[in-house]
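Working notes for the structure below.
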Amino acid sequence: MSEQLVEKLVHWRRDFHQFPEVGFLEMRTASIVATILDELGFELQMGREVMSEAECMGKPSAKVTKEHYLWALENGANKNYMEHFSDGYTGIVTTLDTKKPGPTIAFRFDMDALEINESSLDSHYPMKEGFKSQLPYRMHACGHDAHTSIGLGLATLIAENKDHLSGKIKLIFQPAEEGTRGAKSMTEAKVVDDVDYFIASHIGTGVPHHHFVAANNGFLATTKQNISFSGVASHAGGRPEEGKNALLAAAAAALNIHAISRHSDGVTRINVGELHAGTGRNIIADQADLKVETRGENSSVNEYVKQQVKQIVAGAAQMYGVDYHMETVGEAISCISSNELANVLHECAEAKSLFQASTVEVNAAAGSEDATYFMKRVQDNGGLATYCIFGTELAAGHHNEKFDIDENTLLPAVELLYASILSLEKHAQMV
């Protein structure tokens with residue numbers, strides 16, 4: 001059975017790797033996930049059923065969404081499910097209700113890729129083995145292809161052993177984790193409001209191969225903003241006084257954003273990642289656009305930085321007499337894993353000898369992750385939540401054109417998550 005499951009895991013992972021889809025466009029991926037889950041006998045909720053439209057941040061335009069819908073149909077999507085995903089609401093929640101008393105346990109798996117052009121070097125394993133991305137500037141460079149496959153592997157074990165399980169088991173396949181855009185939408189659609197135990201997971205992130213971390217804390221709260229300045233164009237030599245310079249407003253904002261004071265309650269991060277402005281050297285720029293992100297050790301510190309950005313942008317616009325607009329296109333909160341749940345996972349890892357080493361928690365400041373919305377909601381409702389890491393050998397760091405994982409990590413990850421179900425059923429009886 002293990003050999004057959006390994007073959008499936010590798011096949012799924014390589015298929016998703018060849019056809020990477022970015023946030024809210026995971027139509028081909030979602031249709032294949034839905035097909036497999038349906039065949040396994042799971043109850044399915046899809047698209048708008050499990051996503052709040054009002055809370056979808058940074059969603060692609062209708063034109064881009066339509067173009068990708070047609071691409072997905074031409075490249076292996078199952079048309080029987082595409083009506084649920086055609087407008088870019090690509091989330092899936094599948095539930096096994098055993099009809100027996102027991103806890104509700106949920107697992108989150110993200111599906112989206114990144115806008116990176118994958119390496120074509122012969123030494124790059126996906127290139128050598130023939131499963132390199134078929135799309136330019138689209139790549140699974142963070143392991144979400146592996147996450148989706150692990151979710152399907154877990155679904156397979158659950159379906160095969162459903163008569164021995166109790167309670168309810170939910171598998172959440174989330175779009176748009178990159179840019180922290182998708183989880184809030186699903187949280188506000190109440191998909192985890194009935195959950196007693198919630199587990200999110202990731203592969204890699206610098207954790208050594210054959211090592212497991214049961215609680216990865218330190219995720220920074222974050223806000224992603226698109227900022228635009230609108231001024232008045234004019235000839236820079238002939239009529240400079242008639243212009244309203246959006247480029248200078250954006251430049252002033254960028255410099256002062258990076259000068260925001262740090263906060264005594266926690267670490268902060270700030271970055272202006274893009275600035276686009278102007279149309280010619282002799283034209284006063286009437287348009288400028290910034291892409292900015294803030295981060296904070298906790299949500300209140302991030303809110304402080306976010307408010308400072310707003311004041312700076314407003315001041316820069318006033319100084320140069322231009323208008324401005326700010327749009328939040330991604331956001332995540334801070335959250336600390338439940339130590340009690342982390343200990344259950346740690347004990348599973350040690351008892352099953354699935355990993356050479358297991359650590360209960362790591363608390364170093366990390367990047368950001370919107371699974372924190374799910375975690376916080378479950379904890380606020382009295383449940384337990386954690387974010388765990390499956391260590392693996394990486395060919396290069398995350399978000400790198402040469403990124404690749406060791407596929408031998410896939411089966412142990414599935415087996416550990418399945419073992420956690422059995423342990424949590426017992427844990428629920430003792431509390």
Side-chain angles (χ1 to χ4, degrees), residues 4-51 60 65 67-96 107-114 118 126 129-135 138-160 170-178 182 186 201 203 405 407 410-411 413-414 417:
Q4 293 177 349
L5 185 53
V6 167
E7 289 179 4
K8 289 182 178 180
L9 289 167
V10 171
H11 168 75
W12 291 328
R13 184 254 166 167
R14 294 187 179 189
D15 178 70
F16 295 139
H17 194 90
Q18 287 187 77
F19 298 96
E21 298 172 294
V22 296
F24 298 120
L25 299 178
E26 307 94 329
M27 299 177 195
R28 179 188 185 276
T29 303
S31 75
I32 291 171
V33 169
T35 301
I36 295 167
L37 294 173
D38 205 2
E39 290 172 351
L40 289 171
F42 283 89
E43 172 192 331
L44 286 171
Q45 292 176 287
M46 298 174 281
R48 285 184 171 86
E49 291 180 282
V50 294
M51 300 182 71
T65 301
E67 289 173 350
H68 189 80
Y69 169 78
L70 297 174
W71 173 89
L73 286 175
E74 293 173 357
N75 286 275
N78 187 334
K79 64 182 180 180
N80 294 328
Y81 300 93
M82 286 292 282
E83 65 180 275
H84 298 281
F85 311 126
S86 60
D87 291 332
Y89 299 95
T90 46
I92 300 173
V93 177
T94 185
T95 305
L96 174 69
F107 299 86
R108 193 289 306 258
F109 307 98
D110 41 16
M111 301 185 291
D112 56 323
L114 288 152
E118 185 164 11
E129 294 298 317
F131 64 96
K132 173 187 171 289
S133 170
Q134 296 189 18
L135 290 170
R138 297 290 186 271
M139 178 187 175
H140 273 294
C142 198
H144 297 190
D145 50 346
H147 300 169
T148 305
S149 303
I150 290 168
L152 293 175
L154 179 59
T156 302
L157 289 187
I158 291 169
E160 290 173 350
K170 284 188 169 185
L171 305 182
I172 300 167
F173 291 85
Q174 179 204 317
E177 186 281 324
E178 300 294 351
M186 299 188 80
S201 56
I203 194 168
I405 65 160
E407 293 173 332
L410 298 173
L411 182 62
V414 171
L417 294 180

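In this text the structure is predicted, and so the values were computed from the model without any measurement. Starting from 1, each residue takes its place in the sequence as its number.
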His147 and Phe109 aromatic centres sub-6.0 Å:
no
Test Phe42 against Thr95 for side-chain contact (heavy atoms from CB on, under 4.5 Å), laying out the working first.
CA-CA 6 Å; Phe42 283 89; Thr95 305; over 6 Å; no
Measuring from atom OG of Ser31 to atom CG of Leu73, what distance do you get when rounded to the nearest 0.5 angstrom?
8.5 Å
Kindly say whether Lys170 contributes a backbone atom to a donor-acceptor pair with the side chain of Thr94 at under 3.5 angstrom?
no
Applying side-chain hydrogen bond (donor to acceptor under 3.5 Å, both in side chains) to Glu21 and Thr29, what does each step give before you reach the verdict?
CA-CA 7 Å; Glu21 298 172 294; Thr29 303; 2.7 Å; yes
Between Glu26 and Pro175, what is the shortest heavy-atom contact and its length?
OE2-CA, 3.0 Å
Looking at Thr35, is its backbone amide N or carbonyl O close enough to the side chain of Asn78 to form a donor-acceptor pair, meaning the two atoms are under 3.5 Å apart?
no
Tell me whether the rings of Phe131 and His17 are parallel (<30°), tilted (30 to 60°) or perpendicular (>60°).
perpendicular
Kindly determine whether Phe173 and Leu37 satisfy side-chain contact (heavy atoms from CB on, under 4.5 Å), including the steps that lead there.
CA-CA 11 Å; Phe173 291 85; Leu37 294 173; 3.8 Å; yes
Are the charged groups of Asp15 and Arg13 less than 4.0 angstrom apart, N to O?
no
Can you tell me how far the NE2 atom of His84 sits from the CD atom of Gln45, to the nearest 0.5 Å?
11.0 Å
Which pair of heavy atoms, one from Leu135 and one from Pro20, lies closest together, and at what distance?
CD1-O, 3.3 Å
Work out which heavy atom in Arg138 is nearest to a heavy atom in Ser133; give both atom names and the distance.
O-OG, 2.7 Å
Between Asp145 and Phe19, does a side-chain contact (heavy atoms from CB on, under 4.5 Å) hold up when you go through it step by step?
CA-CA 10 Å; Asp145 50 346; Phe19 298 96; over 6 Å; no
In Glu7, Lys8, Arg14, the residue satisfying side-chain contact (heavy atoms from CB on, under 4.5 Å) with Val10 is Arg14
Is there side-chain contact between Arg28 and His68, with at least one heavy-atom pair below 4.5 Å?
no
For Leu9 and Val414, what are the C-alpha separation, side-chain angles and deciding distance, and is it a side-chain contact (heavy atoms from CB on, under 4.5 Å)?
CA-CA 9 Å; Leu9 289 167; Val414 171; 4.0 Å; yes
Quick one: closest heavy-atom pair of Ala413 and Ile150, and the distance?
CB-CD1, 3.7 Å
For a 4.5 angstrom cut-off between non-hydrogen side-chain atoms, does Val6 reach Leu410?
no
To the nearest 0.5 angstrom, please state how far the CD1 atom of Ile405 sits from the SG atom of Cys142.
11.0 Å
Judged by atom type as modelled, is there a donor-acceptor pair below 3.5 Å linking the side chain of Asp38 to the main-chain atoms of Ala34?
no
Are Gln18 and Gln134 close enough that some pair of their side-chain heavy atoms sits under 4.5 Å apart?
yes
Considering residues at least two apart in sequence or located in another chain, which fulfil the side-chain hydrogen bond (donor to acceptor under 3.5 Å, both in side chains) criterion with Lys132?
none
Residue pair Thr156 / Leu5, side-chain heavy-atom distance below 4.5 Å
yes
In short, Thr90 meets Phe85 closest at the heavy-atom pair CA-CD2, 3.7 Å
From CZ (Phe107) to CD1 (Ile172), nearest 0.5 Å:
10.5 Å
Minimum heavy-atom separation for Thr65 to Leu25, with atom names?
CA-CD2, 3.9 Å
So does Glu177 pair up with Arg108, basic N to acidic O under 4.0 Å?
no
So do the side chains of Trp12 and Ile36 get within less than 4.5 Å of each other, counting heavy atoms only?
yes
Quick check for you: to the nearest 0.5 Å, what is the distance between His11 atom NE2 and Glu407 atom CD?
12.5 Å
So do Ile158 and Leu40 actually touch side chain to side chain, heavy atoms under 4.5 Å?
no
Would you say the side chain of Asp112 lies within less than 4.5 Å of the side chain of Asp110, judging by non-hydrogen atoms?
yes
Is there a side-chain contact between Leu114 and Met139 in this structure, where contact means two heavy atoms from C-beta onward sitting under 4.5 Å apart?
no
Carboxylate-amine/guanidinium contact Asp87 Arg48, below 4.0 Å:
yes
